[in-house]
Amino acid sequence: MHRVTVVIALLGGLSLCAAAPSQNITSDVYFYGNSPPVYPSPEGTGTGAWATAYEKAKELVAQLTDEEKLNLTAGTSTTTGCSGVIAAIPRVNFTGLCVSDAGNGLRGTDHVNSWASGIHVGASWNKTLAHERAQYMGQEFHRKGVNLLLGPVVGPLGRVAEGGRNWEGFSNDPYLTGALVYETVRGVQGSGVGVSTKHYIGNEQETNRNPETVDGVDVASVSSNIDDKTIHELYLWPFQDAVRAGSVAIMCSYERINNSYACQNSKTLNGLLKTELGFQGYVITDWGAQHGGIASANAGLDMVMPDSTLWGANLTTAIANGSMEASRLDDMVTRILATWYQLNQDTDFPTPGIGMPSSVDSEHQAVIGTSPDEKGALLQSAVEGHVLVKNTNGALPLQSPSLVSVFGYDAKGPEALSFVASFGTYSPAIQNSTLYVGGGSGSNSPSYLSTPLDALQQQAYEDSTAVVWDVSSQDPDVDPTSEACLVFINSYATEGFDRPGLVDDWSDTLVTNVAGKCNNTIVVIHNAGIRLVYDWIDHANVTAVILAHLPGQDTGHALVNLLYGRANPSGRLPYTIAKQASDYGSVLHPSEPQTPYGLFPQSDYAEGVYIDYRAFDQQNITPQFEFGFGLSYTTFNYSELDVRQTNGSTSQYPPSATIQEGGNPRLWDEIVKVTATVQNSGSVDGDEVAQLYVGIPNGPVRQLRGFEKVHIPVGQTAQVSFSLVRRDLSTWSVDAQQWLLQLGTYQVYVGRSSRDLPLTGQFSL
Ligand code: NOJ
């Protein structure tokens, strides 16, 4: 078997590149088949920055009894509020681990902040800000004694337009997601807290994510059937960036991948993750995602949460009877302990779980997770994920209107703001008030909530103007002297369910009712995913529209800064808004079980890499608002495109190198550099997101391969520069099992969005 050969070669110290014979494997073999097996599970090598941590871990492992080793590989029951706990081993001064949700802020406790959600960070297109947010969030987890943050999310990537958890991740584009997850991993881990980038892999729908019993019959999880090329070019891409950034853990998902459960899929764990990407950390299950004993251990799983009935003493039996190598158990434990050293948690960490009471309503010590120095990043993260998509008749920014009218329940706060209620898993409670975070484990706990209505009242107080509201009626009366009517609607999503649709009648009727009575109707949508606007977007009285996403606890404050021009909108859509739902084609809805596969639901990723803008471009479908689109209060001009080849080798195959975290390091050799000049040609200072798209021969029309967010004062120019590295310009070859540069002409586009690209150029390889 070709792939087995590769693994053995690697263990022998050879590089993947050197061991890559060509073999005729077509992508079809993955459909309805199994992933090719990859055994044995590669041991962590302690490569690069991991060397010292591995040395220390190995020393510690040598002192452990079998029982102590087993205890490190599975969670145990806890009296803390941690999502999961690994027990301490006081005998060797190992203090244990507290692991907790999630990627948008710490969930289910007090004295922490509700940060902007993943989709909001995606819409900000701001790498520096993503890093800062992550760093501060990490510090909160650290103060609360949480060793491992259960996030960030890059799976789902966002294949299914109605996907229930797309809002937890950044974007359905792998490049944008990859760049932002890289910064997020570095930011959190720079604070001494680990991340478990999740959910690996193919967790693209909530429908049938877990096995269930239907009418007394066992139905398996849905199988995400993904061919080798698509998995590399789309779904694995951001995980590769996370691993390259040093993600100390990867959480395997609930789904089956090509018909094997994700937490016991040797191809994805041993093969892609631990061999091809050189992952040095540990694989942790999603909660309850383990479905096999030694099968999962041999496939590369390292830690089970929240506990395991399948491992424990069974593993020692398996080692004794030869069905599992003792070295596999040692490797699991080495990987887990190495991360503890890698993050300096052996010397610089509070008592695990110290700030995580089992219930915030019972007696507990106050552990303050927040810090005043986070304020700037908290607010700026909330500001930058707002995307202005329509602005006519000079509607925005508002010019001291004497009377503003406010409509829609999304403007107001909830009846109660308790840490329990606000993260309420699967609870629709926050649907009927302003939506600042989605539901489920990715939800978070705010320190306070600045609602849009509160912030507008504060504005009226400061301006000595008036604000009136009716936040319950669907057909409210409108004071005819209103200078602006703000209509707030939202679109909820939560873990556990895919969304019922991309519009809702109640909200759309509210907008058209108000627009029928007010000729300056400004619509704000807090959307946990794609939200369509076809019902009223062309209404002459709808003068401005903001996709406000999920800003976290500073939501109102951030919005009012934008509405009144104290901040200039700089968000861009991290997905495509279609004119009609059917334009998303086969990936509009999640896959449902069908006969003859009813007991083993299947989801065929037959569209390949053609999701979102790649599909709209391929099929020539005009979107309502394209990927990358967003307005500003100023305008930007583009000029002086320069495309030049740098010194990187242009051999079609990547040069050989020892695999490091993230894979072959030569995939990051710069091959082409692109620069352009952007001028602020309007009348206020603003931030532009300059975007670079590349048309790779034999690939999609164009794909995002660079972006830079730059602040440009009025009249001034900025030079933006994009480094195109080997991976950016390659496509995955199933035959060669390599990223290969394509021989031919590459198209280069630079501009404001995926469809507004004033600068074009090309180069040939
Ligand atoms: C299940 C969710 O899928 C996962 O994202 C989360 O981290 C765990 N539960 C723990 O709460």
Side-chain angles (χ1 to χ4, degrees), residues 74-78 80-86 97-109 117-119 137 141 144 146-158 160 163-170 181 184 188 193-212 221-222 224 239 242 247-257 261-263 282-291 301 303-308 353 356 358 419-420 422-427 437-445 493-498 528 590:
T76 183
S77 64
T78 169
T80 68
C82 304
S83 309
V85 160
I86 292 291
L97 302 175
C98 161
V99 308
S100 262
D101 291 315
N104 309 314
L106 187 50
R107 173 170 78 98
T109 189
S117 289
I119 194 173
M137 215 159 64
F141 279 67
K144 302 289 273 183
V146 179
N147 304 72
L148 187 77
L149 177 157
L150 301 176
V153 169
V154 301
L157 182 69
V160 177
R165 299 188 78 175
N166 294 352
W167 61 274
E168 293 185 53
F170 305 106
V181 79
T184 302
V188 173
V193 165
V195 298
S196 53
T197 307
K198 67 190 188 184
H199 307 82
Y200 185 74
I201 191 171
N203 190 159
E204 296 296 326
Q205 64 176 60
E206 292 300 278
T207 306
N208 289 99
R209 71 173 184 165
N210 268 317
E212 54 191 8
S221 290
V222 64
S224 299
F239 281 105
S247 183
V248 300
I250 295 284
M251 184 189 289
C252 51
S253 64
Y254 285 134
E255 277 74 359
R256 293 178 301 139
I257 317 304
Y261 274 102
C263 294
Y282 61 93
V283 175
I284 178 175
T285 62
D286 199 341
W287 270 229
Q290 186 188 33
H291 298 291
L301 178 63
M303 182 190 283
V304 186
M305 279 291 168
D307 52 29
S308 175
M356 301 300 293
S358 59
F419 306 113
V420 179
S422 60
F423 75 80
T425 306
Y426 312 127
S427 151
V437 68
S441 61
S443 199
N444 54 23
S445 310
T494 181
E495 178 184 343
F497 303 92
D498 292 308

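Indexing begins at 1, ligand by ligand and atom by atom, following the structure's order. For the single chain, residues carry numbers from 1 onward in sequence order.
Side chain of K198 to backbone of D286: no donor-acceptor contact under 3.5 angstrom is found. Within the 3.5 Å criterion, the main-chain N or O of R107 finds no donor-acceptor partner in the side chain of N444. For S247 (side chain) and A249 (main-chain N/O), a donor-acceptor pair under 3.5 Å exists by modelled atom type.
Residue contacts with ligand 1 for E206 are absent, since no atom lies close enough (heavy atoms, distance under 4.0 Å). With a 4.0 Å heavy-atom cut-off, ligand 1 is reached by no atom of E168. Residue-level proximity to ligand 1 for H199 is carried by the side chain, the only part with a heavy atom below 4.0 angstrom.
Within the structure, ligand 1 has R165 among the residues with a heavy atom less than 4.0 angstrom away.
Across all non-hydrogen atoms, the minimal contact from I250 to Y200 is CG2-CB, 3.5 Å. Closest approach of N166 to P156, counting heavy atoms only: OD1-CB, 3.6 Å.
Of the protein's non-hydrogen atoms, D286 OD1, 2.9 Å is the one closest to atom 1 (C) of ligand 1. The shortest contact between atom 7 (O) of ligand 1 and any protein heavy atom is with D101 OD1, 2.6 Å.
Side chains of V153 and W167 form no contact here, defined as non-hydrogen atoms less than 4.5 Å apart.
Remark: ligand 1 atoms within the under-4.0 Å shell around heavy atoms of R209 are 3 (O). With ligand atoms numbered from 1 in the order given, ligand 1 contributes 11 (O) to contacts under 4.0 Å with heavy atoms of R107. Ligand-side atoms of ligand 1 in range of L150: 7 (O), range being under 4.0 angstrom from any heavy atom. Residue Y254 has at least one heavy-atom neighbour below 4.0 Å for each of these atoms of ligand 1: 1 (C), 3 (O). Taking a cut-off of under 4.0 Å to the non-hydrogen atoms of M251, the atoms of ligand 1 that pass are 7 (O).
For K198, a nitrogen or oxygen atom sits less than 3.5 Å from a nitrogen or oxygen atom of ligand 1, counting backbone and side chain alike.
Side-chain polar atoms of S224 and E204 form no donor-acceptor pair below 3.5 angstrom. Using modelled atom types, one finds a donor on one side chain and an acceptor on the other under 3.5 Å when comparing H199 with R165.
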